[in-house]
Protein chains: 2
Amino acid sequence: MHMIDSEEWCALNDVDVTATEEAAICSNYETGDVIFYEGDDVKGVYFVKAGLVGVRKADLEGNSTLLKLAEPGDTLGYRPLAADQPHRASAEAVNPSIICFIDKATVRQMIGENPALGLNFLKRAAKELGDAEEKFHESVTLSTRARFAHLLIVMQDRFGHATEDGSLQLTLPLSRSDMAAMLGVRPESVSRVIHELEGTGITHFAEREVTIRDPNSLMDVFIK
Amino acid sequence: MHMIDSEEWCALNDVDVTATEEAAICSNYETGDVIFYEGDDVKGVYFVKAGLVGVRKADLEGNSTLLKLAEPGDTLGYRPLAADQPHRASAEAVNPSIICFIDKATVRQMIGENPALGLNFLKRAAKELGDAEEKFHESVTLSTRARFAHLLIVMQDRFGHATEDGSLQLTLPLSRSDMAAMLGVRPESVSRVIHELEGTGITHFAEREVTIRDPNSLMDVFIK
DNA sequence: CGCCAGGTTGATTTCGCTCAAGCAATGTGG
DNA sequence: CCACATTGCTTGAGCGAAATCAACCTGGCG
């Protein structure tokens with residue numbers, strides 16, 4: 001069982017995986033610990049071994065939006081490395097995490113020797129680009145309510161589990177404020193949407209425990 | 001002088017450029033002609049030889065947002081090809097354009113034989129991803145006024161020219177509605193913002209001819 | 001126990017949308 | 001050449017969704 005194993009890195013043969021693992025430096029991060037800051041020069045990439053990491057962008061007034069969540073198997077920092085840019089967002093542990101740092105010389109060497117690795121990162125970037133464009137489109141097209149419904153569906157997909165009866169269950173990995181930051185709205189608005197969804201009976205919220213009683217209706221809320 | 005020449009395709013040697021050019025099919029598109037539709041399967045990529053192309057995304061009510069503009073040298077459709085997805089946006093000539101279609105078998109063969117080509121597309125995707133994430137952040141963070149100011153600055157960069165006095169000049173490649181679609185707002189809002197900027201004397205609009213009298217103030221509008 | 005962070009709720013404001021009208025430039029048919 | 005549609009843009013009035021501001025509630029924790 002390899003330390004570094006993912007959709008992208010699986011392109012490496014045993015020798016190169018081992019070489020990469022030897023070059024990797026793994027660290028523990030507590031909740032809230034920062035992995036890198038917006039504006040920093042890129043020193044290498046960060047392979048998320050365990051935990052959950054949030055990628056944020058802050059504006060001048062201290063507002064921040066949460067661009068995405070990185071789970072075990074995800075590689076952070078490959079984007080600015082590939083673009084030859086400084087970090088354009090910061091990363092911070094949402095849950096206690098184990099993260100392996102791989103310096104950029106090693107990354108470049110591996111990509112140079114294994115074209116498939118570069119293509120895997122191309123595929124990853126291409127998918128993320130599609131998602132990012134969709135996200136922009138949704139942010140200017142859909143209401144807060146619809147976007148929250150979508151977020152719930154995505155979260156259920158990634159972090160949820162089904163139950164014996166038809167309903168879907170989910171433990172939210174994020175606080176209300178962080179969900180607001182994902183949508184680019186105020187926490188108060190999230191509270192109000194949750195209140196509204198409770199009223200319709202489509203969902204039930206208890207702290208971070210969510211039950212989606214009527215997934216189809218939730219889909220309808222998303223579409224409208 | 002090669003037909004296909006760009007930041008990405010320059011990775012090819014003479015033999016491969018020639019092979020690619022022989023496989024390419026060039027066509028003329030009039031303003032408004034569609035190059036591909038959202039949802040279509042990807043047949044290959046489209047190299048913009050001349051003109052200007054808009055990449056759009058439509059929602060259910062017929063609203064559409066303009067995600068980006070492609071200029072000569074840009075390659076369209078590489079994203080869904082790399083991601084192995086159908087087109088997630090449509091493309092349409094904004095100005096009369098000449099566009100060369102290169103089927104995906106050829107693209108894949110070239111990338112297979114020239115790892116540098118794949119890396120060039122990785123770099124391109126990585127840059128676009130950074131821009132797309134920034135765009136999302138701006139859309140939820142900044143006012144219409146600020147976003148329009150930013151759009152003006154970017155447009156001036158790409159399509160403008162400086163004048164003898166300190167002011168900047170620019171012929172807009174887009175209608176008001178299309179600028180609205182870039183920002184994800186209504187055309188009326190764009191009109192009102194233009195009116196407001198005129199009032200402050202920062203800019204002057206005559207049809208599509210724009211003079212930016214006070215670039216610094218425009219930057220200030222963007223930041224705030 | 002009191003404090004504080006995270007969350008909810010209510011009152012008010014504001015920004016951008018909707019709907020509607022008007023206007024100038026361009027095109028079209030009689 | 002004029003009457004009239006059409007198109008792109010502007011302007012105005014009213015509305016509505018989300019932000020803002022403020023109060024308050026709850027549970028953890030020194």
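Reminder, nothing fancy here: chain letters follow the sequence lines and each chain counts from 1.
Nucleotide C:dG7 holds its P atom 8 Å from the CG atom of A:D178, rounded to whole Å. Atom-to-atom, CG of A:L142 to P of D:dA17 comes out at 15 Å; the value is rounded to the nearest Å. Put simply, NE2 on B:H195 is 16 Å from P on C:dC15, counting in whole angstrom units.
Taking OG1 of B:T141 as the reference point, atom CG of A:L60 lies at 9.5 Å (rounded to 0.5 Å). The NE2 atom of A:H87 sits 11.0 Å away from the CD atom of A:E38 when rounded to the nearest 0.5 Å.
A donor N or O paired with an acceptor N or O is not found under 3.5 Å between the base of D:dC9 and the side-chain atoms of B:E207. Side-chain atoms of A:R192 stay outside donor-acceptor range of the base of C:dG7, with no qualifying N/O pair under 3.5 Å. One cannot find a donor-acceptor pair under 3.5 Å joining the base of D:dG8 and the side-chain atoms of B:R208.
Between A:E92 and A:R56, at least one side-chain N (NZ, or NE/NH1/NH2) sits under 4.0 Å from a carboxylate O, which counts as a salt bridge. Salt bridge status for A:E128 with A:K68: present, with a side-chain N to carboxylate O gap under 4.0 Å.
Contact annotation for A:V190: no contact, since no heavy-atom pair falls under 4.0 Å across all strands.
Closest to the side chain of A:S191, out of D:dT11, C:dG16, C:dT8, is C:dT8. The side chain of B:E188 lies closest to D:dT11, out of D:dA22, D:dA18, D:dT11.
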